Amino acid sequence: RPSCIALTAARLIAAIVFLAGVQLLFLGLIGEYLGRTFEQVKGRPLYLVESVSRSARVAGLASLVLIVGGSTYKVAALSGGGNVVAESLGGRRVFPDATGLTERRLLNVVEEMALASGVPVPPVFLLENEGGINAFAAGYSTSDAAIAVTRGTLEALTRDELQGVIAHEFSHILNGD
């Protein structure tokens, strides 16, 4: 899933930067401790350790501020729900008055699954430029969820297969994951 891969990559990068920041902060504290210990034992300051520890603390703190700030910004940007996610990935909303055969079939399947699962019919988006077979559900709850499907999914799958894909996406909506 391209969106899932991008999200996983973003989380991995954030985790790496976070761990690097924590390590730098930790190294700064260790460096400060060693510098003070060396100063007490030898009676003279160890300026290299002191300057490195100060730099490490600043870099660690800057990394943590950057991660918290970036995460806060992203959560605020995505607080609009599944529609925002689908549109940010290039999705085009498929409205109930769509006339294309494949789009009508998609809407019918989504409506059937919504009825069967007892949740409101979510907005449906089509990723026109994606030829692979893929779909995703996005949103924080059933009331702000959206489903997006790639063009490749509509063209390659039968109605039964499409129904299986949409049912899988509804499971994500119902389980909140």
Side-chain angles (χ1 to χ4, degrees), residues 1-23 59 62-177:
R1 296 165 72 161
S3 63
C4 204
I5 291 171
L7 184 60
T8 302
R11 286 180 179 162
L12 180 62
I13 290 169
I16 290 169
V17 171
F18 177 76
L19 290 175
V22 169
Q23 286 178 339
S63 296
L64 292 176
V65 167
L66 183 68
I67 290 170
V68 169
S71 297
T72 303
Y73 169 77
K74 204 55 166 167
V75 167
L78 297 177
S79 65
N83 293 350
V84 173
V85 175
E87 289 170 354
S88 71
L89 293 172
R92 175 183 61 82
R93 177 91 183 258
V94 180
F95 290 99
D97 61 351
T99 58
L101 180 62
T102 56
E103 291 178 11
R104 282 294 334 143
R105 182 178 64 156
L106 172 63
L107 288 173
N108 288 341
V109 168
V110 170
E111 289 170 0
E112 289 169 11
M113 290 293 112
L115 182 63
S117 61
V119 299
V121 178
V124 180
F125 290 83
L126 180 62
L127 302 173
E128 291 279 2
N129 299 326
E130 296 289 333
I133 298 174
N134 210 344
F136 68 87
Y140 290 110
S141 66
T142 57
S143 62
D144 71 352
I147 290 181
V149 176
T150 63
R151 173 60 68 187
T153 301
L154 289 183
E155 293 175 354
L157 300 183
T158 66
R159 189 178 200 291
D160 289 340
E161 292 167 334
L162 178 62
Q163 198 169 24
V165 168
I166 298 301
H168 174 82
E169 299 312 324
F170 266 91
S171 75
H172 287 298
I173 293 171
L174 289 169
N175 291 321
D177 64 350

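Here the structure is a predicted model, which is why all the values come from computation and not from measurement. Residue numbers count from 1 along this sequence.
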Within the structure provided, determine whether [X] and [Y] are in side-chain contact (heavy-atom separation under 4.5 Å).
| X | Y | value |
| --- | --- | --- |
| Ile133 | Leu157 | yes |
| Pro123 | Phe95 | no |
| Arg104 | Leu107 | yes |

I'd like to know if the side chain of [X] reaches the main chain of [Y], judged simply by a donor and an acceptor atom lying under 3.5 Å from each other, with no hydrogens or angles considered.
| X | Y | value |
| --- | --- | --- |
| Thr153 | Asn134 | yes |
| Arg151 | Gly132 | no |
| Asn175 | His172 | no |

| field | Pair Phe125-Leu89, side chain to side chain contact (heavy atoms under 4.5 Å, CB included): steps then yes or no | value | CA-CA 10 Å; Phe125 290 83; Leu89 293 172; over 6 Å; no
Which pair of non-hydrogen atoms, one from [X] and one from [Y], has the smallest distance, and what is that distance?
| X | Y | value |
| --- | --- | --- |
| Asp144 | Gly81 | OD2-CA, 3.6 Å |
| Gly82 | Ala146 | C-CB, 3.5 Å |
| Leu174 | Ser117 | CD1-CB, 3.7 Å |
| Ala137 | Ile173 | CB-CG1, 3.8 Å |
| Val94 | Ala98 | CG1-CB, 4.0 Å |

| task | Could you walk me through whether Ile166 and Val149 pass the side chain to side chain contact (heavy atoms under 4.5 Å, CB included) test, one step at a time? | result | CA-CA 9 Å; Ile166 298 301; Val149 176; 3.8 Å; yes
| field | CE-CG distance between Met113 and Asn108, expressed to the nearest 0.5 angstrom | value | 11.5 Å
| message | To the closest 0.5 Å, what do you measure between CZ (Arg159) and CG (Leu154)? | response | 12.0 Å
| task | Let me see the working for Leu126 and Glu103 under side chain to side chain contact (heavy atoms under 4.5 Å, CB included), right down to the final yes or no. | result | CA-CA 8 Å; Leu126 180 62; Glu103 291 178 11; 3.7 Å; yes
| Salt bridge between Glu128 and Arg92, side-chain N to carboxylate O under 4.0 Å? | yes
| remark: Tested for side-chain contact (heavy atoms from CB on, under 4.5 Å) against Phe136, the lone hit among Ile147, Leu127, Thr150 is Leu127
| field | More than 12 heavy atoms of other groups within 6.0 Å of Asn129 CG | value | no
